[in-house]
Structures are given as structure tokens and as C-alpha cells.
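The structure presented is a predicted model; accordingly, all values stated were derived computationally and were not measured. Whatever order the structure lists ligands and atoms in, that order sets their numbers, starting from 1.
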Amino acid sequence: MGHLSAEELQNKAKLILEDILAKEEPLKVKDRMKIPSQIMPQQDEFARRHNLDEVTLGLTLEQARLEAMRCLQCVKKTCVNDCPVFIEIPGFIKYIADGDMQGAVDEIKKVSLLPSICGRVCPQESQCQLNCTVGKALKDVDKGVAIGRLERFVADWERATGNIRIPEVKPETGKKVAVVGSGPAGLVVAADVRREGHHVTIFEAFHKLGGVMRYGIPEFRLPNDIIDQEINTLSKMGVEFKTNFVVGRTRKLMDLINKDGYDAVFVGTGAGLPMFMGIEGENLVGVFSANEYLTRANLMRAFDRENSDTPIYKSKNVAVLGGGNVAMDSARMAVRLGAEKVYIVYRRTEKEMPARIEEVAHAKEEGIDFLFLQNAKKIIGDENGRVKAIECLRYELGEPDSSGRRRPVVIPDSEFTLTVDTVIVAIGNGSNPLISQTTPELNVNKWGNLIVDEKQKTSVDKIFAGGDIVLGAATVILAMGEGRKAAAAINEMLVKSDTAVKN
Ligand code: FAD
Ligand code: SF4
């Protein structure tokens, strides 16, 4: 299938925009509704199978202004209500429509620290854009105002100016805060706490910062230089980083408070423990958790076979088990690592798949084969203990389960064999147990997630937590939202403790 090139899309947008601006009249609702929704230019679907460059190329200036003009500036801002960090969406969009990009950046940055990241990976179609009045009127959520693409546009615009504003930091208070984990939750806490003048140290187990945004989400969706730039901003604000530091091993969590004198600790260690199917053959050579596969490829740069010390399995036929974003990323990475045939094996239908629609569409364009209503029953090995096939079962949909999705029901005697040499299990992640095992004072729920109150405080004094370690595997924006709440509570606690000392 052919997509219009970036140049063709740009030329179309330019003509429409010139026409609108030439009229010099305020746009009426009916005029706005007539503006076509702007298609994001993207890399050629064949070329991109052989590189790790970003697939989507971002809206052009003219496209962004036109897309922004589609916004009706609703009085009842349903889009804002569905944003986990309550960005003033019509406000920043109006700045874009008027051509004031700095105004748009400033508006977003009042509440969101990581717009270039959220604009790329947030599931807008099930949040802000889901209830956009324009999409509702056109009876198509994809035709709603492309809020995420506009957010990305302004963040990229700011980056391109090379003049990123560093948030102001208040005078030093002498208080110290430790942040454990450098994912989105930890980064947001670090920024918000540092702004108040407290010293912040981020402790990170890996040698690189960014959490799942670095080691999980591949560069073809979220380039590393964007994460580097966010870390750089924190560094300029005076945040200190300690990498290769595993809290619970290198140093116990409680020691940070009792021995190292930290006044507060935020735990944002994420959900990095892969789950497996529990089926026969999962210990064969050629079976990977999605976490391991993606970490090898992204963090250890294993895709660069010539130069990387970390090897990655050479695969011809790959089955990815699961239907979420992690499954899509694994399958699309396998294509880029040279696999000839990649299958997504999923027990339900496309409608129930939790992956973002855009990611599914990209995966299809890249030649990935979706096997719906099917699942692995066992993995079959050869005489050397290497994967040679999976035995699958066929399913049909039954009654809805507790998640509201229709339950997959096995069709008896429906077994068949799929020839593959690699199996990637992408059925979810649990919380990393290290912190809770080495800090028995912390209360956890039955899934091992830390239990917190409404201010993100754990059962232990001065220790706060948020993001996936509390929510279970969730999203970047929800992790950021929890980080924001925790930072507010930490700042409040530190002010109170200061006042108590002075009194
Ligand atoms: P994380 O990002 O997991 O960061 C936790 C950090 O803590 C890690 O760097 C880890 O190394 C470190 N750490 C762990 N234990 C310790 C310790 N003991 N000491 C020191 N450091 C420690 N979300 C979206 O919104 N959109 C997407 O498109 C999307 N795609 C995804 C694709 C993949 C492959 C994966 C795995 C997840 C995806 N997610 C997506 C989910 C999203 O990335 C997470 O919800 C989010 O990153 C959680 O943030 P966090 O800060 O809680 O933890
Ligand atoms: Fe604009 Fe849609 Fe929000 Fe209305 S709901 S203000 S049209 S983005």
C-alpha cells in the first residue's frame, strides 16, 4: 500500500493553509470541521525493516498549524479531563494554530516535563483524543484532533531551536532526596523536587538512564537522543546520577535514610520481572522473555552485530506470544534483526488487543503475520534442545471476563504446529521483588506491588513510591502522574519538617 510522501503531504497542507490565511477571517466551526485531518509522514515501510530509525517523521509546521485549526476550543474540555496530567490542551493547541510555538511549549511544560516522549508513546486514542468533540462528530476517534502529534510537534520544535529552557531551581535547602529508578516516574520526581531547591540523587541499576523508555521501547518509536536530552535538562538543574547502583544490593533502601542521611526516598523501580506462560518447552534455547530480547537489542546495542559485545540469537521464523505494545515492539525488532517470518500469536481477536492501534498498523505494514484466536500449548525442541516449532491451539470468544473483554475459550482437538526457531514471550511483567524482599517493612499487595496512600506514601515513614512498582505494568503518563503526586507530597513533608525544626 502506498503512503503519500512527506513532500506531498506538506504541499497539500501548504496550499490549504495559505488559502485559510489569505481569507483573514476567523474560522467558524463549519470551516474547522472541513479541514482534513493531517496524516503524519512516515518512513517507507520496506526501507524501515532494515533500520532502527524512527518510523514516524512528525508533522510539518504547516500540517501542525492546520491540525491545530481543527480544534473547536470547546468550553467543556473533555480532552483535558481524560489527560492524566491535565495539560491545558485547547490552550496549547491555540498557540500552534496562531503560529506561536514558544507559547505552546510554555503551556505544556507547566504540567508535563516530557512532552517529546509523551507525544510519541502516550495512548492518546484511549485518553485525550478518545473524547475529542471533533472525533465524536466525525464518528471516528482517529479523525479527532491529533493532540499527541501536536504535543510532539511543539516539543521537537523546541529541541530544533537548540534553546531548551531549563526550569528554575530555588536556592539550596540543604535537604537530600534519593530517587530509586530513572524511569519516567523517577525523572518527574527528580525534576519537581529539585525545583524546590532540595538536593536530588537518582540511583539506577543499569548503566544507562531512562528506565523502560531506554531499554524497552525501541529507538524506531522513541529515539535515545530524546531521552538523553531530558536527562541533560535534569543534569543542568543539578540532579546527581549514580548508575550501576542496585538499591537492595549495592545499598539497602533503609540505609539511604538511616545511614546516608536522605530526608526522603522515592521508589520508582518499575515492573521489570517478565512473566512466562508456564508451558512445556519454555526452557529451550531460542525462547526469550520480551524484556531480555528488547534489552539486548536496545540497551546492549545487540542489533549492531559487528560492534556489540552482546550477542543476539539469529532467527529465521519468530513467534511472539502476546498482544500488547511489548509484543508489537518485540515483533518489529525481530523484523529489523533479520527474521524472515514473524508471527504475533494472540488468544483473542484484534479488537481485544491492548496494543496501540498505530503500533498494530505499523506492524502489519512491516509484514508481521497476526494469528488471532490462537495460542501456544507447548514449545517443541530438536535433539540439541533448540526451538523447532510450537504446538498451538485454536480459540473462540466466550462471555466477557472481569476486564470486560470476551474470554478466549479453547476449541477442543484444534492442535496444529507452527514451525519457528525463536519464541518471544510478551505476556506481561510483574514488579521487581528486590526492594520489597530487602525492605520487609514495606507493605506489598498480592502481586508484589508497593502499597501507597493517596499521596504516594508507603507504609514506611519518608518513603514514597509510584509508577509501575505501584500500578503494575502501566503507561509512561500514569507513571509521570504518580511521580508528580509523590514529589508534591515530598516537598510538602520537607517544608513541614523545616518549619518544625525552626519552631
Ligand atoms: P520504569 O520505566 O520501569 O523504570 C524503572 C527503573 O528502575 C529502571 O531503569 C530499572 O533499571 C530501575 N531499577 C529497578 N530496580 C532497581 C533497583 N533495585 N535499584 C536501582 N534501580 C532500579 N507505555 C506507554 O505509555 N506507551 C507505550 O507505547 C509503551 N510501550 C512499552 C513498550 C515496552 C517494550 C515496555 C516494556 C513498556 C512499554 N510501556 C509503554 C510502559 C511504560 O514504559 C512503563 O509503564 C513506564 O516506563 C513505567 O515507568 P516507571 O518509572 O514506573 O518504571
Ligand atoms: Fe479541541 Fe477536541 Fe479538546 Fe474540543 S475536545 S478542545 S476539539 S482537542
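The nearest protein atom to atom 3 (Fe) of ligand 2, hydrogens excluded, is given as C79 SG, 2.3 Å; this is a heavy-atom distance. For atom 2 (O) of ligand 1, the closest non-hydrogen atom on the protein side is V212 N, 3.0 Å. Nearest protein heavy-atom contact of atom 2 (Fe) of ligand 2 is C132 SG, 2.4 Å. Among protein heavy atoms, the minimum distance from atom 21 (N) of ligand 1 is reached at A205 N, 3.1 Å. Protein heavy atom at the shortest distance from atom 25 (O) of ligand 1 is V476 N, 3.0 Å. Scanning the protein for heavy atoms near atom 7 (O) of ligand 1, the closest one is G181 CA, 3.2 Å. Of the protein's non-hydrogen atoms, L72 N, 3.3 Å is the one closest to atom 7 (S) of ligand 2. In this structure, the protein non-hydrogen atom closest to atom 1 (Fe) of ligand 2 is C71 SG, 2.4 Å. Scanning all protein heavy atoms for the shortest distance to atom 19 (N) of ligand 1 gives V247 N, 2.9 Å.
Nearest to atom 28 (O) of ligand 1 by heavy atom, out of R221, R214, R356, is R221. Comparing T269, I202, L222, V326 by heavy-atom distance to atom 15 (N) of ligand 1, the nearest is T269. Evaluated by nearest non-hydrogen atom to atom 8 (C) of ligand 1, the leading choice among M213, R120, E204 is E204.
In the vicinity of G216, heavy-atom distances shorter than 4.0 Å reach the ligand 1 atoms 34 (C). Using a 4.0 Å cut-off to heavy atoms of G268, the atoms of ligand 1 that qualify are 5 (C), 6 (C), 7 (O). Applying the 4.0 Å criterion to heavy atoms of D329 picks out, from ligand 1, the atoms 32 (C), 33 (C), 34 (C). Per-residue contacts place F206 under 4.0 angstrom from the following atoms of ligand 1 (heavy atoms of the residue considered): 11 (O). Here is the list of ligand 2 atoms found below 4.0 Å of a heavy atom in V134: 7 (S). Atoms of ligand 1 lying under 4.0 Å from any heavy atom of I217, numbered from 1 in the order shown and given with element: 29 (C), 30 (N), 31 (C), 32 (C). Every atom of ligand 2 is numbered from 1 in the order shown, and the set under 4.0 Å from a heavy atom of P90 is 6 (S). For ligand 1, the atoms closer than 4.0 angstrom to any heavy atom of D468 are 44 (C), 45 (O), 46 (C), 48 (C), 52 (O). Shown in contact with G211 at under 4.0 Å from a heavy atom are these atoms of ligand 1, numbered in order with element: 2 (O), 4 (O), 8 (C), 9 (O). Counting the atoms of ligand 2 from 1 in the order shown, those under 4.0 Å from a heavy atom of C74 are 4 (Fe), 5 (S), 6 (S), 7 (S). Numbered from 1 in the order shown, with element, the atoms of ligand 1 that lie under 4.0 Å from a heavy atom of F203 read 20 (C), 21 (N). Atoms of ligand 2 found under 4.0 Å from any heavy atom of T133, numbered from 1 in the order shown, are 2 (Fe), 4 (Fe), 5 (S).
Between R484 and D192 there is a salt bridge, with a side-chain nitrogen of the basic residue lying less than 4.0 Å from a carboxylate oxygen of the acidic one. Between R70 and E67, at least one side-chain N (NZ, or NE/NH1/NH2) sits under 4.0 Å from a carboxylate O, which counts as a salt bridge. The existence of a salt bridge linking E366 and R332 is confirmed by a sub-4.0 Å separation between a basic side-chain nitrogen and an acidic carboxylate oxygen. Using a cutoff of 4.0 Å between basic side-chain nitrogens and carboxylate oxygens, K110 and E88 are not scored as salt-bridged. Taking the charged nitrogens against the carboxylate oxygens, K462 and D263 have no contact shorter than 4.0 Å, which rules out a salt bridge. E358 has no carboxylate O lying under 4.0 Å from a charged side-chain N of R120, or vice versa, which leaves the two without a salt bridge. Comment: D228 engages R214 in a salt bridge, judged by a side-chain N to carboxylate O separation of less than 4.0 angstrom. Electrostatic pairing of D31 and K28 does not count as a salt bridge here, judged by no charged N lying under 4.0 Å from a carboxylate O.
Residue S330 holds its OG atom at 10.5 Å from CG of N325, rounded to the nearest 0.5 Å.
In this model, no donor atom of one side chain and acceptor atom of the other lie less than 3.5 Å apart for R149 and Q63. No donor-acceptor contact under 3.5 angstrom links the side chains of N244 and E204, judged on distance only. No side-chain donor from either of D225 and Q229 sits under 3.5 Å from a side-chain acceptor of the other.
Checked against S116 for a side chain to side chain donor-acceptor pair (under 3.5 Å), the options E151, E230, R152, E158 give a single hit: E230.
Contact annotation: for V180 versus ligand 1, heavy atoms closer than 4.0 Å belong to the side chain alone. Residue contacts with ligand 1, taken as heavy atom pairs separated by less than 4.0 Å, do not involve L478 at all.
Relative to the ring axis of Y262, K176 places its NZ or CZ within 45° and under 6.0 Å from the centre.
Polar contact with ligand 1: present for V121 (N/O pair, distance under 3.5 Å). Polar contact with ligand 1: present for A185 (N/O pair, distance under 3.5 Å). Considering backbone and side-chain atoms together, T475 places an N or O closer than 3.5 Å to an N or O of ligand 1.
At a threshold of 4.5 Å between non-hydrogen side-chain atoms, the residues M69 and L17 count as touching.
In this structure, S182 counts as a contact residue of ligand 1, since one of its heavy atoms falls inside 4.0 Å of the ligand. Under the 4.0 angstrom criterion for non-hydrogen atoms, A474 is in contact with ligand 1.
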Start with the C-alpha gap between Q42 and E365, add the side-chain angles, then the distance that decides, and say whether side-chain hydrogen bond (donor to acceptor under 3.5 Å, both in side chains) holds. CA-CA 11 Å; Q42 60 182 52; E365 286 167 10; 2.8 Å; yes

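In this structure, Y215 has its ring center closer than 6.0 angstrom to the ring center of F206.
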